[in-house]
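Below, chains carry the letters A, B, ... as their sequence lines are ordered, and counting in each starts from 1.
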Amino acid sequence: MNTILSVRDLGKGFYIHDRAKHVPAAEGISFDLKPGQLAALVGPSGAGKSSLLKAIYRTYLPSSGQVLYRTAAGALVDLASAPETRITDLRRAEIGFVTQFLHCLPRLSTLDVVARPLLQQGVARAAAHDKAARILTALAIPQQLWDATPATFSGGERQRVNIARSFTQGGRLMLLDEPTASLDPVAGENVCAMIEAAKAEGTAMVGIFHDMAVVDRLADVKINVERKAFEAVA
Amino acid sequence: MKPILDVDNLTRIHGPGCPACLDVTGPAHDTNLCRHCGSVVAVADASLRLHKGEVLGIMGESGSGKSSLVKMLYFDDKPTSGRATFHDEGQAHELFSLNDAQQLRLRDTRMGMVYQNPSLGLNFDISAGGNIAERLLMSDELSYRVIREKATALLARTEVPPARMDELPRNFSGGMQQRVQIARALSTGAPLLLLDEVTTGLDLSVQARILDLIMELQEVTGVSMLVVTHDLGVVRHLTTRTIVMKHGRIIESGLTDQILEDPQAAYTQQLVSSAL
């Protein structure tokens, strides 16, 4: 099988102008990923795992290295340096991100929030709602909540809505930032099952999980991320 | 993605201007006032590209030049130098080379503007429905019945009760006035919409509903938008790419989430970290 994602010597650091300080987050990360594989970023808290994930998605601008992604059309794109419109196109159609935090407008219903990425792709409303409903059911979000806005939900519920949205959108590459954190065991199991199903369908994933048992269960590749020493204040 | 608008080196100097104006103003000098001739450099060398169906944010504090930039694009003000090309219906219009009649024509039918202050975008002396009818008339729609139907549908879509379409907008709340402005701007099916601080000064709950409405209309119509705002929340919810301006200059641009979470310029870092 062909490689879908090849991360080469990826590094991310921040320059904080206010304090004239350079803060390194991660350096020299390399790995390859094939369709259906999951790479888990493992390492101590503060090692830069989330920063790496965001650098792959381009929420953070990578400081060094390449993020080579093979598109559905067969083109090779360096996500670290591709034009912004290329990135937005890929995010809409191929690359998803599950964050721990959900930003949504207070008026949208849960069903609309979850179906939204599909609507943006041009999927018909009924079909988008169908798929959203299936995923919400699989994640055991009670149907009474579907009309309400997630802005009023608890942290764990919001997180599941967020996961539901990402999996409704699907994609060829999904980036998961602690998708099972703060979930109860049943909900956590539902999410793991959904990740396994997506892998079986060929979705490649890069994920961070606080629970090593989940890593052992889901990961095909483990990437060790070391904590970086902070540089002295200049 | 195809471009709909290309802005090249747009500059607007208020005052006599002198050869040093651009060299002694800008973020590096922390001013937009030329110390040699006293001119104000509102916008300097601004270049950007807006793609079809894209929502681009222009962010910056008061006086950064963001409103001046869109005002020129809507012909409310003339640039000192620079170009803007509007790609529409297979033609490339050089906005500042067109004659007055051509400019008016584009402004009335192919572009829409929503101002922070509704009194700039609406005629307060005619009814809400009349405000929409006026724009439809300018786009050569002459049937009273069609105009009335379209106005009713547009107001319904922007959630203005049809029962109030014959009232004067001056009697409306700020949020409702913005809805009428949006309906008017959308009435001719223009492919380019300019939004200048449209939610500034409204209650938070009203702001959220207006943002919702804009987002929904954008998705349904695919209209391209330039969204001028100082509000990080507006940028986060509406836009995919963002430009940051200071002292008339574009100092940074990028994906909106990247600008908000990993800003590169010192000023943007300050701006983002000072959000409540």
Side-chain angles (χ1 to χ4, degrees), chain A residues 12-21 23 25 50-63 79-93 95 97 99 101-109 112-113 115-123 125 128 149 151 175 177, chain B residues 1-4 27 48-57 159 199 204-216 218-220 222 232-243 251-274:
Chain A
K12 176 59 191 167
F14 301 91
Y15 184 76
I16 316 290
H17 288 275
D18 227 14
R19 294 182 214 148
K21 187 176 172 184
V23 182
S50 283
S51 293
L52 278 169
L53 210 58
K54 287 184 177 181
I56 294 171
Y57 196 61
R58 258 283 276 283
T59 294
Y60 288 169
L61 218 49
S63 307
L79 302 178
S81 61
E84 288 141 16
T85 47
R86 184 75 158 139
I87 301 285
T88 51
D89 282 347
L90 288 173
R91 284 181 178 184
R92 198 172 299 125
I95 304 177
F97 195 104
T99 56
F101 308 101
L102 177 68
H103 292 295
C104 66
L105 284 169
R107 207 178 60 156
L108 287 182
S109 73
D112 280 329
V113 167
R116 196 178 168 75
L118 287 180
L119 295 173
Q120 284 170 334
Q121 286 173 17
V123 174
R125 199 170 183 81
T149 163
L175 308 171
D177 192 355
Chain B
M1 280 185 167
K2 287 184 177 163
I4 183 164
L48 63 89
R49 167 170 279 188
L50 177 69
H51 298 84
K52 285 204 169 108
E54 188 179 35
V55 185
L56 176 66
E159 296 168 15
T199 54
L204 280 180
S205 60
V206 179
Q207 279 189 21
R209 293 173 67 95
I210 297 274
L211 289 183
D212 251 14
L213 174 69
I214 293 171
M215 210 152 75
E216 195 184 309
Q218 199 281 328
E219 274 167 25
V220 173
L232 303 183
V234 171
V235 163
R236 171 177 287 126
H237 281 304
L238 286 185
T239 71
T240 48
R241 279 196 309 134
T242 298
I243 278 170
I251 56 166
E252 182 164 4
S253 69
L255 294 166
T256 297
D257 54 327
Q258 182 250 300
I259 294 286
L260 295 176
E261 294 196 40
D262 186 21
Q264 306 293 304
Y267 171 70
T268 318
Q269 289 187 358
Q270 260 175 34
L271 196 70
V272 169
S273 65
S274 51

Q. Stepwise, does the side-chain contact (heavy atoms from CB on, under 4.5 Å) test hold for B:Met1 with A:Thr88?
A. CA-CA 10 Å; B:Met1 280 185 167; A:Thr88 51; 4.2 Å; yes
Q | Evaluation steps, side-chain contact (heavy atoms from CB on, under 4.5 Å), between A:Arg116 and B:Glu219 | A | CA-CA 10 Å; A:Arg116 196 178 168 75; B:Glu219 274 167 25; 2.5 Å; yes
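Side-chain atoms of A:Arg91 and B:Asp257, non-hydrogen and from C-beta on, do get closer than 4.5 Å to each other.
Heavy-atom distances place both the backbone and the side chain of A:Glu84 under 4.5 Å from chain B. Heavy atoms of A:Arg86 lying under 4.5 Å from chain B are absent altogether. Only the side chain of A:Arg92 comes within contact range of chain B, judged by heavy atoms closer than 4.5 Å. When heavy atoms are compared at a cutoff of 4.5 Å, A:Tyr60 approaches chain B by way of both its backbone and its side chain. Looking at B:Glu54, the atoms closer than 4.5 Å to chain A (heavy atoms on both sides) all sit in the side chain, from C-beta outward.
Interatomic distance, CD1 of A:Ile87 versus CZ of B:Arg241, reported as 12.5 Å (0.5 Å rounding). Rounded to the nearest 0.5 Å, atoms CG (A:Asp112) and CD (B:Glu216) are 8.5 Å apart. Summarising the geometry, atom OG1 belonging to A:Thr59 is positioned 11.5 Å from atom CD1 belonging to B:Ile259; distances are rounded to the nearest 0.5 Å.
Comparing A:Asp89, A:Asp18, A:Leu61, A:Thr85 by heavy-atom pairs within less than 4.5 Å of chain B, the highest count is held by A:Leu61.
Counting only distance, with no hydrogens or angles, the side chain of B:Gln269 and the backbone of A:Tyr15 share a donor-acceptor pair below 3.5 Å.
Looking at B:Asp262 and A:Lys12, a side-chain N of the basic residue comes within less than 4.0 Å of a carboxylate O on the acidic one, giving a salt bridge.
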